[in-house]
Structures are given as C-alpha cells and as structure tokens.
**Student:** 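This is the structure I have questions about; it appears just below.
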Number of protein chains: 2
Amino acid sequence: MNPDALRGHMDALLLSVLEREPLHGYAIIEALQERSGGALSVPTGTVYPALRRLERIGHLSSEWATVGGRRRRTYRLTESGRKQLEGERSAWREFTSVIGSVLRAEASGPA
Amino acid sequence: MNPDALRGHMDALLLSVLEREPLHGYAIIEALQERSGGALSVPTGTVYPALRRLERIGHLSSEWATVGGRRRRTYRLTESGRKQLEGERSAWREFTSVIGSVLRAEASGPA
DNA sequence: ATCTACATATAGACAGCCTACATGTAGACT
DNA sequence: AGTCTACATGTAGGCTGTCTATATGTAGAT
C-alpha cells in the first residue's frame, strides 16, 4: 500500500476503528491490521501523532491506564468525533465515486 | 473535495484522462471536470508540475503546437505510461477495498 | 479599453505521513 | 544472568506532492 495514498484518510481509519470501543494506540494499529486483512501496517510514527492531533481538535479524548505493569493511553470518540466520522464516511463515498468515474471512463475514441 | 485526499491519486487521474487521446494541460483540466461531473477542479499549479514530473519519469511525452495563435504543449502516454496506468488502476481497486473494509466494519460490540 | 476565455509556468507555503530513534516493562527461554 | 520478543508510547526531522498566489501572453467579444 503506497503511503501517499493514505493521505487525508488516516482520520477516517482511526475514528472508524474507535467507533465500537475505546482502544489504546498499539491496539488501534492491530485492529487496523485485522480489519484490513493484513494490508494496513500503519507505523507508530504515524498513529501516535495522528491520535494526539485528533484529540487536540476535539474528536477524541484520552485517559491513562496501567495494565499488567504497562502504561496505556486509551482513546475514545467524543460526540464531535462521531459526527466527524459520519462526515468522513460520506466524504469517502464521494471521493471513491468521483475518482472511480474518471478512472473507469471508457477508452473509446471521440466521435 | 478535500485536496489532501487527491494525494497519490493525481497520477492515476492524469494518465487515465490521457488514455484515449493526447491532450494539452488546459484540456486535461477540463476533461477532469467533465468526467467527474464537475466535482474535480484541479488547479493549474497542480496539473502543470505534475505533467512535467510524469514526463520526467518517462510516463508521458510532449510536443509543442500552436493553435489559433496560442501555444500548447500536448502530452501523450508512452508505453511506460500505459503500463503505469494499469498499475494505478489495480492499486486503486486495492486501496478502495482496504480502506472500505475498515470504514464499513460493523459497529457491533465484541463477543 | 476592458473583460473573459484560453494557455503555460514557477515560487513558496503547508501539511501530513514516514523513517529512525529513544525509552521502558514483562515474560519466555537459555 | 543475559538475551530476545512482544507490548507500549513518543519525538525529530525528512520528504513530497498539492495548493495559493502570481506572472505572462494571445484572441475575441463588448
């Protein structure tokens, strides 16, 4: 998966994976792998900053927990985050529809 | 259409629009508008540099023409460009499939 | 004269994803 | 005791491609 292709869709992925339950960063990375059938290996250097950004703009909230001696920061969707996810989903549909319509255009000549 | 979303898909769009016939930059922008039903307004500052980049790496070739007193640089797909377009198309299918599978995952709780 | 459409081009800003690195705990295995 | 892997978070800096803004010029309509 070409990294550049993810540009602008990372938020949708993160919000989507947090929709059903709160998760910490490491678990989010695993969830993305699972849900994508192993195709998505998002590096920590992408996920952690993105989560912080999403929290900063109010789409996520977080709290620390210690489980088995390890510190976790668990993120959950805020109300704003749920609305944003809705928006991301419809933006995704529009995006694929628009790009798809260009890519699938018949290669038949003019006239 | 969020500009960031285009990242990494611009090449596919440009190659695709040049598949059926050679076009110059301005006409490419119009063709993208038409094919997308008006949804794609790609600025000249994006298209012209991108076309040059694609020519530099061998996917396009170009030649100057003068039509109605105006200078045009007409681009056409090279053989390499056609192969690249094939690759872009299958990458697009994979991309939409992977992201889609994450976004569409059921929001039902675990167990 | 002025305006719009046609037509190309570059400089610099911006943003976000990536690589690489740093830090630390827990448990298994030798 | 030492090593290795999995778990877990985080930052600095690089890269690159898209965008905004600007520049230049022709043709035709008003």
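The model shown is predicted, which means the values in this text are computed figures rather than measured ones. Each chain gets a letter, A, B and so on, in the order its sequence line appears, and its residues count up from 1.
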**Student:** Between B:Arg89 and B:Glu94, is there a side-chain N and carboxylate O pair less than 4.0 Å apart?
**Tutor:**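 Looking at B:Arg89 and B:Glu94, the cut-off is not met.
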**Student:** Starting from P on D:dT18, measure out to CG on B:Leu40 and report it in whole angstrom.
**Tutor:**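 After rounding, the gap between these two atoms is 12 Å.
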**Student:** Rounding to a whole Å, what distance do you find between B:Ile29:CD1 and D:dT18:C1'?
**Tutor:**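 One finds 13 Å between C1' of D:dT18 and CD1 of B:Ile29, rounded.
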**Student:** Of all the heavy-atom pairs spanning A:Gln33 and A:Ser41, show the shortest one and how long it is.
**Tutor:**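 Of all heavy-atom pairs spanning A:Gln33 and A:Ser41, the closest is NE2-OG, 3.0 Å.
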**Student:** Under 4.0 Å, counting only non-hydrogen atoms across every strand here, what does A:Gly45 touch: a base, just sugar-phosphate, or nothing?
**Tutor:**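 Base, at least one base atom sits under 4.0 Å.
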**Student:** Using the ring of A:Trp64 (Phe, Tyr or Trp, six-membered ring only), decide whether A:Arg71 places NZ or CZ under 6.0 Å from its centre and within 45 degrees of its axis.
**Tutor:**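 Flagged: A:Arg71 positioned over aromatic ring of A:Trp64.
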**Student:** For B:Phe95 and A:His9: C-alpha separation, side-chain torsions, deciding distance, then whether side chain to side chain contact (heavy atoms under 4.5 Å, CB included) applies.
**Tutor:** CA-CA 11 Å; B:Phe95 171 71; A:His9 306 290; 3.7 Å; yes
**Student:** Is there a donor-acceptor contact under 3.5 Å linking the side chains of A:His24 and A:Thr74?
**Tutor:**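 On atom types as modelled, these side chains do not qualify, holding no pair under 3.5 Å.
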**Student:** Measure from CZ on A:Arg7 to P on D:dC15 and round the result to the nearest Å.
**Tutor:**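 In whole Å, D:dC15 P lies 14 Å from A:Arg7 CZ.
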**Student:** Hey, does the side chain of B:Thr66 reach the backbone of B:Gly69 with a donor-acceptor pair shorter than 3.5 angstrom?
**Tutor:**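 Checking the backbone N and O of B:Gly69 against the side chain of B:Thr66, no donor-acceptor pair under 3.5 Å is found.
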**Student:** Can you see which heavy atom on B:Leu32 is nearest to which on B:Ser36, and at what distance?
**Tutor:**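 Heavy atoms only, the tightest pair is O-OG, 2.8 Å.
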**Student:** State, yes or no, whether a side-chain contact exists between A:Leu77 and A:His59 at a heavy-atom distance under 4.5 Å.
**Tutor:**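 The answer is no; the side chains never approach within 4.5 Å.
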**Student:** Check every nucleotide of DNA chain C for an atom under 4.0 Å from a heavy-atom of chain A, then give the first and the last such nucleotide from 5' to 3'.
**Tutor:**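 The protein-touched segment is C:dA15 to C:dA26.
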**Student:** So which of residues 48-75 of chain B are in contact with DNA chain C, with a heavy-atom cut-off of under 4.0 Å?
**Tutor:**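 Heavy-atom cutoff 4.0 Å gives B:Tyr48, B:Pro49, B:Arg52, B:Trp64, B:Arg70, B:Arg71, B:Arg72, B:Arg73.
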**Student:** I want to confirm an ordering. Mapping A:Thr46 and B:His9 to their closest nucleotides on DNA chain D, which one lands closer to the 5' end?
**Tutor:**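 Checking each residue's closest nucleotide, the 5'-ward one belongs to A:Thr46.
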